[in-house]
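Inspection log for the structure reproduced underneath, given as C-alpha cells.
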There are 2 protein chains.
Amino acid sequence: MKVSAQEEYGLRCLLQLAYLGKDEFLTLTQIAEREGLSVANAGKLLWILNKAGLVTSIRGTKGGYKLARPATEIHLNEIIKVLDEDVLAGHCKSYTGVLDACVHTGNCGIRPVIVGLHDVVQRALSGITLAQLIGTEANVETTLHWIQGLSRPPQAGTARKKA
Amino acid sequence: MKVSAQEEYGLRCLLQLAYLGKDEFLTLTQIAEREGLSVANAGKLLWILNKAGLVTSIRGTKGGYKLARPATEIHLNEIIKVLDEDVLAGHCKSYTGVLDACVHTGNCGIRPVIVGLHDVVQRALSGITLAQLIGTEANVETTLHWIQGLSRPPQAGTARKKA
DNA sequence: TGTAATCTTGACTAAAAAGTAATGTATCGC
DNA sequence: GCGATACATTACTTTTTAGTCAAGATTACA
C-alpha cells in the first residue's frame with residue numbers, strides 16, 4: 001500500500017500551479033526545476049494531468065501550464081484517481097497468480113478489505129483540496145486537522161504541556 | 001495507492017493457514033495450489049512470513065506451515081507492514097527526482113497528507129483480524145461492517161426496500 | 001542408514017513501472 | 001514567413017518489483 005512515484009510527483013506539480021495567481025503560468029522547465037525533476041519527466045506528468053482536464057496548457061512562446069479550475073475546487077481524490085488509473089477496478093484482474101483468473105473470483109474473503117480500504121482512502125482524500133496544501137508544513141498539518149478526524153491529532157490523548 | 005502483489009498473495013496464504021484446525025499444517029504445494037500460485041512463489045512468500053514470525057514451519061516429511069499465533073490475534077496492519085517493508089519510512093527518501101534529496105525536505109505541503117493517509121490505513125487495518133476474514137465474502141463484508149465505520153455500509157443513506 | 005518429502009536460501013530471469021529521448025505541432029515576435 | 005520557444009506524443013532505456021530456479025538442509029520412516 002504505497003503512494004507511487006507518479007502520484008507523488010504529479011501532485012507536487014499541481015501544487016506548484018496552485019501557488020500561481022490568476023493569469024500566471026509556469027513552463028515545464030520552471031515546474032521541473034522547482035520540483036527537482038527532469039524536464040522530460042515533468043512533461044510526461046503534465047501531459048497526463050492535461051489529458052485528464054486538471055490543467056490547462058498554452059503552447060508556443062509565452063506558453064505554460066495553469067490549473068484548469070481554482071485550487072479550492074480540486075479535491076485530492078480526483079487527482080489520485082487520474083494519476084493511478086483506477087487501481088481498484090484492475091485489482092482482481094491483476095492478481096491471478098499463474099492462472100487466468102483469481103481462484104477466489106466470486107467469493108473472496110479479502111476483497112471486502114481491499115474495497116473497504118480503497119473507500120477509506122478515497123473518503124479521506126475527497127475531504128482535502130489542493131488549496132489546503134498551500135503554506136508551510138506545520139500550517140497544512142493544522143489545517144487538515146488530521147484528515148477529517150479519521151486520524152488522531154498528534155497531541156490528542158497523550159497531550160502534556162511540556163512532556 | 002495500490003496493494004502490491006506481495007501484500008495480496010501474502011495475505012491470501014496466511015488466510016489459507018487461518019482455516020486450519022489446531023495441529024494441522026499445509027505444505028507449500030498445497031498452499032500454492034489453493035491460491036493458484038507457483039510453488040516457488042508461494043515458497044518465497046512463506047519464507048518472508050516465517051522470517052517475520054507470523055508463521056511457523058516444520059521441515060522434513062510431514063512438514064508444512066501453520067500460523068504462529070491464533071488467527072484472532074493476528075491483525076492485518078502487522079501483516080501488511082511485514083509484506084511492505086515499512087513503506088512510509090522510505091517515502092521521502094525515494095521520491096527525490098533527479099536530486100539527492102527531496103527539494104521539500106523540512107517543509108513539505110503534501111507530507112501531512114502522506115502521513116495522515118498512512119495512519120488512516122493503519123488504523124483501519126488494525127481493527128481487523130485474520131479470523132474475521134474467514135467465511136464467505138458476503139459474511140466477511142457484514143462482519144467488517146465496513147471497517148470500523150470509517151467507510152459507509154452499502155445501503156446506508158440510500159436504503160430502500162426494493163429500489 | 002538411506003531415501004523421499006519438505007522447507008531454506010541466494011542467484012537468476014521476466015515483467016512492470018519509472019524515467020528519458022527524440023520527433024512533431026502550435027504560437028509568438030520579428 | 002521564419003526562427004525561437006514551448007507544449008504533445010510516442011518510442012525507447014533504465015530501474016524496480018515480481019517471479020523462477022536450483023542447490024542445500026532437515027526430518028520421518030522404512
Side-chain angles (χ1 to χ4, degrees), chain A residues 1-13 17 24-33 35-66 68 83-85 87 90-91 93-99, chain B residues 1-13 17 24-33 35-66 68 83-85 87 90-91 93-99:
Chain A
M1 205 71 194
K2 81 172 184 191
V3 174
S4 69
Q6 196 159 282
E7 291 169 291
E8 164 82 18
Y9 294 141
L11 180 53
R12 274 160 57 176
C13 290
L17 298 179
E24 284 187 309
F25 291 85
L26 281 182
T27 67
L28 271 182
T29 306
Q30 289 173 315
I31 295 170
E33 184 160 333
E35 285 302 335
L37 301 174
S38 70
V39 174
N41 198 10
K44 186 184 204 169
L45 293 167
L46 269 295
W47 176 63
I48 293 169
L49 295 169
N50 186 26
K51 250 195 334 181
L54 286 172
V55 304
T56 299
S57 66
I58 295 187
R59 279 154 67 131
T61 314
K62 306 279 182 182
Y65 295 92
K66 69 187 187 81
L83 294 168
D84 225 32
E85 313 222 331
V87 101
H91 185 90
K93 229 178 58 184
S94 304
Y95 299 145
T96 64
V98 296
L99 308 173
Chain B
M1 204 72 195
K2 83 171 182 192
V3 174
S4 70
Q6 196 158 284
E7 291 169 290
E8 163 84 17
Y9 294 141
L11 180 54
R12 273 160 56 176
C13 290
L17 299 179
E24 285 187 309
F25 290 86
L26 281 181
T27 67
L28 270 183
T29 307
Q30 289 173 316
I31 295 171
E33 185 160 332
E35 285 301 336
L37 301 175
S38 71
V39 175
N41 198 11
K44 185 184 204 168
L45 293 167
L46 270 294
W47 176 63
I48 292 169
L49 296 169
N50 187 25
K51 249 194 338 179
L54 286 173
V55 306
T56 298
S57 66
I58 295 187
R59 279 153 67 132
T61 315
K62 305 280 183 183
Y65 295 93
K66 70 186 187 82
L83 294 167
D84 224 33
E85 314 222 331
V87 101
H91 185 91
K93 227 178 59 182
S94 304
Y95 299 145
T96 63
V98 296
L99 308 174

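Chain letters run A, B, ... following the sequence lines, proteins first, then strands; residues in each count from 1.
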Interatomic distance where CD1 belongs to A:Ile31 and P belongs to D:dA8 [whole Å]: 11 Å

Interatomic distance, A:Leu45 CG vs D:dT10 C1' [rounded to whole Å]: 16 Å

Base versus backbone protein contacts along nucleotides 23-28 of chain D [heavy-atom cut-off under 4.0 Å; B, S, -]: --BBBB

Touch class at under 4.0 angstrom, heavy-atom based, for A:Ser4 against every strand present: sugar-phosphate

Euclidean distance, atom CD of residue A:Gln30 to atom C1' of D:dT5 [Å, nearest integer]: 12 Å

Side chain to side chain contact (heavy atoms under 4.5 Å, CB included) between A:Ile31 and A:Leu45, intermediate numbers included: CA-CA 11 Å; A:Ile31 295 170; A:Leu45 293 167; over 6 Å; no

Identify each donor-acceptor pair in which a side-chain atom of residues 47-63 of chain A lies under 3.5 Å from a protein atom, sequence neighbours left out, and give them as a table.
residue : atom : partner : partner atom : Å
A:Asn50 : ND2  : A:Ser57 : OG           : 3.4

Salt bridge (Lys or Arg N to Asp or Glu O under 4.0 Å) partners for A:Glu7, two or more places apart: none

Comparing B:Leu28 and B:Lys2 on DNA chain C - which has the more 5′ nearest nucleotide: B:Leu28

Contact summary for A:Ser38 and B:Val98, nearest pair of heavy atoms: N-CG1, 3.7 Å

Polar side-chain atom of B:Glu33 near backbone of B:Gln30 as donor-acceptor pair, under 3.5 Å: no

Exercise: identify the closest heavy-atom pair between A:Leu37 and B:Gly97: CD2-CA, 3.9 Å

Chain A footprint on DNA chain C, 5' to 3' - any atom under 4.0 Å from a heavy atom: C:dA18 to C:dG29

Side chain to side chain contact (heavy atoms under 4.5 Å, CB included) evaluation trace for A:Leu46 with A:Leu26: CA-CA 11 Å; A:Leu46 269 295; A:Leu26 281 182; over 6 Å; no

B:Ser94 OG to A:Lys2 NZ distance, which is reported to the nearest 0.5 Å: 6.0 Å

Protein-nucleic acid N or O pairs under 3.5 Å, nucleotides 19-22 of chain D:
residue : atom : partner : partner atom : Å
D:dG19  : N7   : B:Lys44 : NZ           : 2.7
D:dG19  : O6   : B:Lys44 : NZ           : 3.1
D:dT20  : OP2  : B:Ser38 : OG           : 2.2

Distance, nearest 0.5 Å, that separates NZ of B:Lys44 from CD of B:Gln6: 7.0 Å

Partners meeting ring-ring contact (aromatic ring centres under 6.0 Å, His included) with B:Tyr9 (sequence neighbours left out): A:Tyr95

Gap between atoms OH and P, on A:Tyr65 and D:dT5 respectively (whole Å): 17 Å

Derivation and outcome, side chain to side chain contact (heavy atoms under 4.5 Å, CB included), residues B:Leu83 and B:Ser4: CA-CA 9 Å; B:Leu83 294 167; B:Ser4 70; over 6 Å; no

